[in-house]
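Read the numbers this way: they start at 1 and go in the same order the structure lists the ligands and their atoms.
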Amino acid sequence: MVTTPGRDTSARGGDAALYDEAGQARFDELIAEDKRIEPTDWMPDDYRKTLVRQVSQHAHSEIIGMQPEGNWITRAPSLKRKAILMAKVQDEAGHGLYLYSAAQTLGTTREQMMDDLISGKAKYSSIFNYPTPTWADMGSIGWLVDGAAICNQVPLCRASYGPYGRAMVRICKEESFHQRQGFEILLHLMRGTQEQREMAQESVNRWYAPALMMFGPPDADSPNSAKSMAWNIKRFSNDELRQRFVDMLVPQAEVLGVTLPDPDLKWNEERGHYDYGELDWDEFHEVLKGRGPMNAVRLERRRTAHEDGAWVREAAAAYASKMAARDERIAS
Ligand code: BYC
């Protein structure tokens, strides 16, 4: 094994910083053969950093994403709707936990990720910085937000990093149920009274464009895509996935009877895809800078929840050290 000191290329964040030529060759081979990289394999530092960035942002999105829907648990229109919504929000918490665990295998700690989130340093999906003023928003989130998430995440099941890809398999199964329940909420409203139909349409009008922006900036402005695709983390570009999503939405909107709020949306025979109008990327960048309609509220809520949960973390740590001391006594 040839090692070159001075380049921090270790797979485990804090370990000795050594470039491993044989490790690099093995890594390149695994990527070329479209095989999985596991936590114990050597990996280039840039690959590890890219994954920590994407997986932790993804985990934060799931955790912050509980808030817009959590907002409606106490006001769901029936016991059945309430039970479904509670289960869905709990699923999001579970997704966050799988993903934090996957990120931890890359050498980062849960504490570090949490600090980055509550200090406002870490990003999370732009979509969760929009408000949920009506019940129809639970339908739009399921149909459009979870729908976009599935389009984006099904290819991530084949991500080259094992723990991430495996977490995505389970997450996608649950997202698929989430998307259907959102569709069903909207269908129910669209088959209801005039007022309910208007509520559903108004909500779709607000969520459609932000959902399209979930896929990230246009390819020409996506600094991370090329590397992520070369490493088989991302399998499709942001624009490719956005197009796939639009093509999927149009027939579903017809079944629902809602209008997608884009006058430029039309079938392009030549391309075999729907053309769609320009999105407001200034709005997207404003949201990313923390100036979206709900950024401050979302972060403040997370901060408070973290502080309120301090006693749980302390109790768990005290219990763990008590158990460790007991095991030591038994062993000696
Ligand atoms: N929001 O070079 P790019 C869910 C950032 S949760 C915020 O294209 P990349 C659900 C990007 O991070 C769904 N930031 O980046 C939960 C980068 O900044 P940094 C969450 C965004 O990584 C609860 C910069 O813009 N899904 O489904 O190649 C309830 C340039 O972008 C966004 C995931 O996280 C955005 N929308 O591609 C209901 C999926 N877009 O990091 C539902 C996993 C871009 O360089 N993530 N940025 O400072 C990914 O697939 C990719 O990270 C992205 C971006 C496609 C999002």
Is [X] near ligand 1, meaning one of its heavy atoms is under 4.0 Å from it?
| X | value |
| --- | --- |
| M66 | no |
| H178 | no |
| H95 | no |

Looking only at heavy atoms, what is the nearest atom pair of P133 and R206, with distance?
-> CD-NH1, 3.4 Å
Close-contact set for ligand 1 against [X] heavy atoms, below 4.0 Å:
| X | result |
| --- | --- |
| F215 | 55 (C) |
| S222 | 2 (O), 3 (P), 8 (O) |
| P223 | 2 (O), 30 (C) |
| A149 | 27 (O) |
| G216 | 40 (N), 44 (C) |
| Y164 | 43 (C) |
| E175 | 27 (O) |

Measure the acute angle between the ring planes of F284 and W281, then classify it against the limits of 30° and 60° as parallel, tilted or perpendicular.
-> perpendicular
Nearest protein heavy atom with distance in Å, relative to atom 10 (C) of ligand 1 = F128 CZ, 3.4 Å
If you measure from atom 13 (C) of ligand 1 to every heavy atom of H285, Q153, M168, which option wins on shortest distance?
-> Q153
Audit row: R81, E184, salt bridge (charged side-chain N to carboxylate O under 4.0 Å, His left out) steps and yes/no | CA-CA 11 Å; R81 293 289 184 201; E184 199 269 335; 2.7 Å; yes
With a 6.0 Å cut-off on ring centres, are H58 and Y124 close enough?
-> no
Is the cationic atom of R244 (NZ for Lys, CZ for Arg) positioned less than 6.0 Å from the six-membered ring centroid of F236 and within 45 degrees of its normal?
-> yes
